[in-house]
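Numbering of residues begins at 1 and proceeds along the displayed sequence. Computed from heavy atoms alone, side chains included, the values below leave out hydrogens, waters and symmetry copies. Just so you know, ligand 1 is whichever comes first in the structure, and atom 1 is the first atom listed for that ligand.
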Amino acid sequence: MRAMILEAQREPLKLVDIPEPVPGPEQVLIQVNACGVCRTDLHIVDGDLTEPKLPLVLGHQIAGVVVGLGPGAEGFAVGDRVGVPWLGWTDGECRYCTSGRENLCDNARFTGYDIDGGFAELAVADHRFCFPIPDGFTDLQAAPLLCAGLIGYRSLRLAGDAERLGLYGFGASAHIVCQVAKHQGRRVYAFTKPGDEEGQAFAREVGADWAGGSDERPPEQLDAAIVFAPVGPLMIDALKVSAKGARIVSAGIHMSDIPSFPYVELWGERSLISVANLTREDGREFLELAPQVPVRTEVTEYSLERANEALDDIRSSKLVGAAVLSIESPTAKRS
Ligand SMILES: [Zn+2]
Ligand SMILES: [Zn+2]
């Protein structure tokens, strides 16, 4: 099969032909129709995350169809639509798993990091960590729900019941969270790079009550903020425009250093918190909610062999909405 693989960090992905994966115990074989490209993929390529399997097939927002079943893979049937997220496997027995916090599992394995992912025509995944794709979403539209949407949703949950929500960095994740937050009746304030008028217009288009630069003050204080951009100083910018009790949530897996700041900024029971990974419960809840909103994902489509271009566009924030690889499978052509 064709796959875009990472042979070494800080090098572009290479288009190669590799053997088709064979589903092992509890695994389904998936014909990948679409795979979202995430900032985390960029952190893996750039070496910010230091322990990927190599060579590696990236991609942890897989939308496709089940074309084969390994021993014991009972959750899905051949022909079912299936989505694969970042959380690929947990041990089920560590202190985190046994206390409802499998997102923090000591031995977790992640799709497109420890396990080959979806920048390929086929992928295998443990059926217990896959989700059915909700009706009403094409594979292309569904792919960004699986990380941008899901991690965004977990971040929103950790933001608490904030009435006035700030979103810093208006990319794939924020454009989904904005729609969910508006559906929940919150007021949403979107912050982009100063001067990014296109990004600000996009934020207003998907429902933000106000959009401006990250150096601007919103019209009212925030009760919570989610920081999607991997820029540590934004945590403090958000803190400075937030009310007492506010929670500032970092949604990314990697961020530049957070500068030191006077304690008075944190005083008043304000808190800074990070979000790590997802639980399967997050996935079930969010994928049930998404069609009710209904979430509309804005997608920029790339072919499999243009994966490096998609990564570059995320790096340079050139992109509006979410980058998704659209993958034409030879399996589909055969049948
Ligand atoms: Zn565990
Ligand atoms: Zn991701």
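Asp114 has no carboxylate O lying under 4.0 Å from a charged side-chain N of Arg109, or vice versa, which leaves the two without a salt bridge. Salt bridge Asp17/Arg2: absent, no basic N to carboxylate O contact under 4.0 Å.
Taking the six-membered ring where tryptophan is involved, the planes of His175 and Phe202 are tilted, since the angle between them lies from 30° to 60°.
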Do any side-chain atoms of residues 229-256 form donor-acceptor pairs under 3.5 angstrom with protein atoms, and if so which ones, sequence neighbours left out?
from   : atom 1 : to     : atom 2 : distance (Å)
Ser242 : OG     : Ala238 : O      : 2.7
Arg247 : NH1    : Leu158 : O      : 2.7
Ser256 : OG     : Gly232 : N      : 2.9

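Around the Zn ion (ligand 2), the protein N, O or S atoms closer than 2.8 Å are Cys38 SG, His60 NE2, Cys147 SG, listed by chain and residue number.
One of the N, O or S atoms belonging to Asp91 lies under 2.8 Å away from the Zn ion (ligand 1).
Donor-acceptor pairing under 3.5 Å is recorded for the side chains of Tyr153 and Glu285. No side-chain donor from either of Gln141 and Thr297 sits under 3.5 Å from a side-chain acceptor of the other.
Taking the Zn ion (ligand 1) as the apex, the angle formed with SG of Cys105 and SG of Cys94 is 120°, to the nearest 10 degrees.
Geometrically, Arg164 does not engage Tyr189 in a cation-pi contact, judged by NZ or CZ lying under 6.0 Å from the ring centre and within 45° of the ring axis.
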